[in-house]
Participant: 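Quick one: the structure is below, and I'll ask about it shortly.
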Protein chains: 2
Amino acid sequence: MFRALADATRRDIVRRTLTEEATVSQLATAYEMSFAAVQKHVAVLEGAGLVTKHPKGRERLVRGNPDALRRIQQLLDAYEQIWRGRIARLDALLNEE
Amino acid sequence: MFRALADATRRDIVRRTLTEEATVSQLATAYEMSFAAVQKHVAVLEGAGLVTKHPKGRERLVRGNPDALRRIQQLLDAYEQIWRGRIARLDALLNEE
DNA sequence: AGAATTTACAACCATATGGTTGTATGTTAG
DNA sequence: CTAACATACAACCATATGGTTGTAAATTCT
């Protein structure tokens, strides 16, 4: 997921499709690159679970997935806890002295 | 920062140095790769602000930076808010009908 | 002073990534 | 039915990325 979010275009696609779903071609018009390039970005995001695609006739509605974002949040939260643990241990050490 | 966190070794270095600071060579012994490779990873993390280096004699103490993690948290939080906005708008639409 | 240690950095290599164009396939519109 | 459209995907290209080895500089140890 970090790898998928490492690209600015992809982050923007996530942001945009969180607000409201969009077809691949709608997304494609929004960026200064070919349709195929945007389509590949969407594929990467889908692979990482950051967006889902929902067929509707000949088009695919792309929808941002807030759950995936929350999973990253949780990972980062875990890191934060690790850090708090370090502080706690330093405190304990100081109190011993 | 996402790009820096996109590599598993680098995520592990962040995790490890959040717990307690370590020299570059201490880190290097922890991974199945050359010293130079680890040193480059640390440089990338430092460039992204995810760790800081503190000279101590001939060695450099590497320390994970919790503030950087919090900044990502905030970004993801903003995305979450965007999504909540969408839900709110959908609700408003339903209530109109 | 000289040897060993720790870091930095350059040069190089293989593969991944982000882009392109072209072609095929499924779906809607006339 | 045929034309147009939306998507998918392959092939290709330039650059980025993650790794290597080798060398140099700063610091510590004897």
Side-chain angles (χ1 to χ4, degrees), chain A residues 1-65 68-69 72 75 79, chain B residues 1-65 68-69 72 75 79:
Chain A
M1 290 198 299
F2 283 117
R3 180 145 273 139
L5 286 176
D7 181 89
T9 302
R10 288 200 290 264
R11 280 195 300 277
D12 197 64
I13 291 175
V14 169
R15 185 190 53 71
R16 186 183 294 260
T17 56
L18 278 171
T19 320
E20 51 192 333
E21 51 191 17
T23 68
V24 179
S25 33
Q26 281 172 340
L27 290 172
T29 63
Y31 306 101
E32 287 293 317
M33 65 185 73
S34 69
F35 173 88
V38 173
Q39 192 241 335
K40 277 213 266 179
H41 281 310
V42 172
V44 170
L45 288 170
E46 190 184 20
L50 285 158
V51 305
T52 51
K53 269 191 294 197
H54 304 87
K56 186 176 184 185
R58 65 182 155 187
E59 24 187 53
R60 308 298 145 106
L61 295 179
V62 181
R63 193 182 302 165
N65 178 13
L69 297 176
I72 307 185
L75 207 225
Y79 280 17
Chain B
M1 289 197 302
F2 282 117
R3 180 144 272 140
L5 286 176
D7 181 89
T9 302
R10 288 200 290 264
R11 281 195 300 279
D12 197 64
I13 290 175
V14 170
R15 184 190 55 71
R16 186 184 293 259
T17 57
L18 278 171
T19 319
E20 52 192 333
E21 51 191 17
T23 69
V24 179
S25 34
Q26 280 173 342
L27 290 173
T29 63
Y31 305 102
E32 287 293 316
M33 65 185 74
S34 69
F35 173 88
V38 173
Q39 192 241 335
K40 278 213 266 179
H41 281 311
V42 172
V44 170
L45 288 170
E46 190 184 20
L50 285 159
V51 305
T52 50
K53 269 190 296 196
H54 303 87
K56 186 176 183 184
R58 65 183 155 187
E59 27 188 48
R60 308 298 144 108
L61 293 180
V62 181
R63 194 182 302 165
N65 177 14
L69 296 176
I72 307 185
L75 207 225
Y79 280 17

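Quick note on labels: first sequence line is chain A, next is B, and so on, each numbered from 1. Just the heavy atoms: all of them, side chains too, but no hydrogens, waters or symmetry mates, feed the values below.
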Participant: Any side-chain heavy-atom pair from B:T19 and B:R16 closer than 4.5 angstrom?
Facilitator: no

Participant: Ignoring backbone atoms, establish whether B:Q39 has a side-chain N or O less than 4.0 Å from OP1 or OP2 of C:dA8.
Facilitator: yes

Participant: Calculate, to the nearest 0.5 Å, the distance between atoms CG and NE2 belonging to B:D12 and B:H41 respectively.
Facilitator: 11.0 Å

Participant: Record whether the side chain of B:R58 comes under 3.5 Å of the base of C:dT5 through a donor-acceptor pair of N or O atoms.
Facilitator: yes

Participant: Considering only C:dC9, D:dG18, C:dG18, which nucleotide approaches the side chain of B:D7 most closely?
Facilitator: D:dG18

Participant: Indicate, with a heavy-atom threshold strictly under 4.0 Å, whether A:A36 touches base, sugar-phosphate, or nothing.
Facilitator: base

Participant: Would you say A:S34 places a side-chain N or O within less than 4.0 Å of OP1 or OP2 belonging to C:dT20?
Facilitator: yes

Participant: Does a side-chain N or O of A:K53 approach OP1 or OP2 of D:dA8 to a distance below 4.0 Å, or not?
Facilitator: yes

Participant: Going from NZ on A:K56 to CD on A:E21, what distance comes out if it is rounded to the nearest 0.5 angstrom?
Facilitator: 7.5 Å

Participant: For the side chain of B:R60, starting at C-beta, report the closest nucleotide among C:dT20, C:dA8, D:dG18.
Facilitator: C:dA8

Participant: Check whether A:R11 reaches the backbone of A:L5 with its side chain - one donor and one acceptor, N or O, closer than 3.5 Å.
Facilitator: yes

Participant: Which residue in the set A:T52, A:T23, A:V24, A:T17 passes side-chain contact (heavy atoms from CB on, under 4.5 Å) when paired with A:L61?
Facilitator: A:T23

Participant: Could you work out which one of C:dT20, C:dT6, D:dT7 sits closest to the side chain of A:E59?
Facilitator: D:dT7

Participant: Using whole Å, what does the distance between atom P of nucleotide C:dG26 and atom NZ of A:K56 come to?
Facilitator: 22 Å

Participant: Can a side chain N or O of A:R3 be found less than 4.0 Å away from OP1 or OP2 on D:dG18?
Facilitator: yes

Participant: Taking the minimum atom-to-atom distance to the side chain of A:H41, which one of C:dT21, C:dG19, C:dG18 wins?
Facilitator: C:dG19

Participant: The side chain of A:F35 is closest to which nucleotide in this list: D:dG18, D:dT7, D:dT20?
Facilitator: D:dT7

Participant: Give the C-alpha distance, both sets of side-chain angles, the deciding distance and a yes or no for side chain to side chain contact (heavy atoms under 4.5 Å, CB included) between B:V62 and B:K53.
Facilitator: CA-CA 5 Å; B:V62 181; B:K53 269 190 296 196; 4.0 Å; yes

Participant: Could you pick out which residue, B:V38 or A:K40, lies toward the 5' side of DNA chain D when each is mapped onto its nearest nucleotide?
Facilitator: A:K40

Participant: Apply side chain to side chain contact (heavy atoms under 4.5 Å, CB included) to the pair A:L50 and A:L69, showing each step before the final yes or no.
Facilitator: CA-CA 7 Å; A:L50 285 158; A:L69 297 176; 4.1 Å; yes

Participant: Heavy atoms within less than 4.0 Å of DNA chain D: which residues of residues 15-33 of chain B have one? Give them sorted by number.
Facilitator: B:M33

Participant: If I take atom CD1 in residue B:I13 and atom C1' in nucleotide D:dG18, what distance separates them, rounded to the nearest angstrom?
Facilitator: 12 Å

